Amino acid sequence: MALSSILVIHGPNLNLLGTREPEVYGTTTLADHIASVGAAASAHGVSVADVQSNAEQEIVATIHAAIGKHDGIIINAGAFTHYSWAIHDALKSFPGHVVEVHLSNPGAREGFRHVSVLAPVVSGTISGFGGLGYALAVEALVELTH
Ligand code: DQA
């Protein structure tokens, strides 16, 4: 089935992008990243919705609500990436493709970032390319669903 609607989910502390550890995450704001996703998606006639939450339960509820509403998910779960089995389980219930994105390259950072508990339930992961990762994630979803 062709892709028509993408949901972009951001987890904790990513609302602070732009000012949070700019040496790691750059100075681009979350709103700017969402605009990049929108531009990449609109080139394919795909619509984008986005949610940012610092609360695990809200992210779980957002994933549940996406079932039957969106065809693909792009998720940067922030630190939840490394320990949220609740988000893992919720993504497992989502029938469409899921692309995990990280601005930084967690594998090159502290040990606790080396494991993603989401990795087993996503279609693929894009890490370490800064904001470019979001446009790449859109292209991946388009490719996976065409
Ligand atoms: C991050 C990497 C995570 O380890 C970290 O907790 C974040 C951001 C990234 O985009 O590089 O909040 O997901």
Side-chain angles (χ1 to χ4, degrees), residues 3 5-44 46-67 69-145:
L3 188 71
S5 176
I6 296 173
L7 176 64
V8 185
I9 301 173
H10 280 91
N13 302 304
L14 295 168
N15 52 312
L16 299 181
L17 285 174
T19 54
R20 172 194 179 201
E21 299 178 72
E23 66 287 359
V24 178
Y25 300 116
T27 53
T28 306
T29 64
L30 180 58
D32 291 336
H33 289 305
I34 298 299
S36 314
V37 176
S42 73
H44 294 283
V46 175
S47 68
V48 173
D50 85 283
V51 172
Q52 187 279 328
S53 176
N54 296 316
E56 185 180 34
Q57 67 188 54
E58 282 179 23
I59 294 174
V60 169
T62 295
I63 295 165
H64 294 171
I67 298 170
K69 191 170 171 198
H70 300 286
D71 319 306
I73 290 177
I74 296 171
I75 183 164
N76 182 345
F80 285 148
T81 302
H82 312 301
Y83 65 92
S84 177
W85 293 105
I87 294 174
H88 164 113
D89 284 350
L91 289 174
K92 203 169 182 177
S93 300
F94 181 75
H97 286 284
V98 178
V99 179
E100 178 180 351
V101 170
H102 300 285
L103 294 160
S104 67
N105 176 3
R109 299 179 62 197
E110 304 97 311
F112 75 90
R113 298 186 203 276
H114 294 183
V115 171
S116 165
V117 300
L118 309 185
V121 292
V122 301
S123 302
T125 302
I126 299 167
S127 297
F129 299 113
L132 174 62
Y134 292 105
L136 295 174
V138 171
E139 298 304 323
L141 285 176
V142 169
E143 193 61 31
L144 288 167
T145 53

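None of the values given here were measured: they were computed from a predicted structure. Heavy atoms only: backbone and side chains are in, while hydrogens, waters and symmetry mates are out. In this chain, residues are counted from 1 in sequence order. We count ligands from 1, going down the list as the structure has it; atoms in each ligand are counted the same way.
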Which part of [X] is near ligand 1, with near meaning a heavy atom under 4.0 Å away: side chain, backbone, both or neither?
{"X": "Leu103", "answer": "both"}
{"X": "His102", "answer": "both"}
{"X": "Arg20", "answer": "side chain"}

Quick check: closest heavy atoms across [X] and [Y], and the distance to 0.1 Å?
{"X": "Ile87", "Y": "Ile59", "value": "CD1-CG2, 3.7 Å"}
{"X": "Ser53", "Y": "Glu58", "value": "OG-OE1, 2.8 Å"}
{"X": "Ala137", "Y": "Val99", "value": "CB-CG1, 3.7 Å"}

- prompt: Tell me, which pairs form a salt bridge (Lys or Arg N to Asp or Glu O under 4.0 Å) where one or both residues lie in residues 104-124, sequence neighbours left out?
  reply: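 For residues 104-124: Glu110-Arg113.
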Protein heavy atom at shortest distance from [atom]:
{"atom": "atom 11 (O) of ligand 1", "result": "Ser104 OG, 2.6 Å"}
{"atom": "atom 5 (C) of ligand 1", "result": "Arg113 NH1, 3.2 Å"}
{"atom": "atom 4 (O) of ligand 1", "result": "His82 NE2, 2.7 Å"}

message: Out of all atoms in ligand 1, which are within 4.0 Å of some heavy atom of Tyr25? Include the element for each.
response: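 Listed by number with element, the hits are 5 (C), 7 (C), 8 (C), 9 (C), 11 (O).
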Below 3.5 angstrom, do we get any N/O pair linking [X] and ligand 1?
{"X": "Thr81", "value": "no"}
{"X": "Arg109", "value": "no"}
{"X": "Ala79", "value": "yes"}

message: Applying ring pair (Phe, Tyr, Trp, His ring centres under 6.0 Å), can you list everything that pairs with Tyr134, at least two apart in sequence or on another chain?
response: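 With sequence neighbours excluded, Tyr134 shows a ring pair (Phe, Tyr, Trp, His ring centres under 6.0 Å) to His10, His33, given in chain and number order.
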Separation of Asp50 CG from Ile34 CD1 (nearest 0.5 Å):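 CG of Asp50 is found 4.0 Å from CD1 of Ile34.
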- request: Report yes or no: does Phe80 have a heavy atom closer than 4.0 Å to ligand 1?
  value: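 It does not; every heavy atom stays at 4.0 Å or beyond.
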message: Below 4.0 Å from ligand 1: does a non-hydrogen atom of Asn76 turn up there or not?
response: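 Per 4.0 Å heavy-atom rule, Asn76 contacts ligand 1.
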Donor-acceptor side-chain pairing of Gln52 and Asn54 below 3.5 angstrom: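 Indeed, the side chains of Gln52 and Asn54 share at least one donor-acceptor pair under 3.5 Å.
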- request: May I ask you to check whether Thr81 and Glu100 show a side-chain donor-acceptor distance below 3.5 Å?
  value: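 No - no donor-acceptor pair under 3.5 Å links their side chains.
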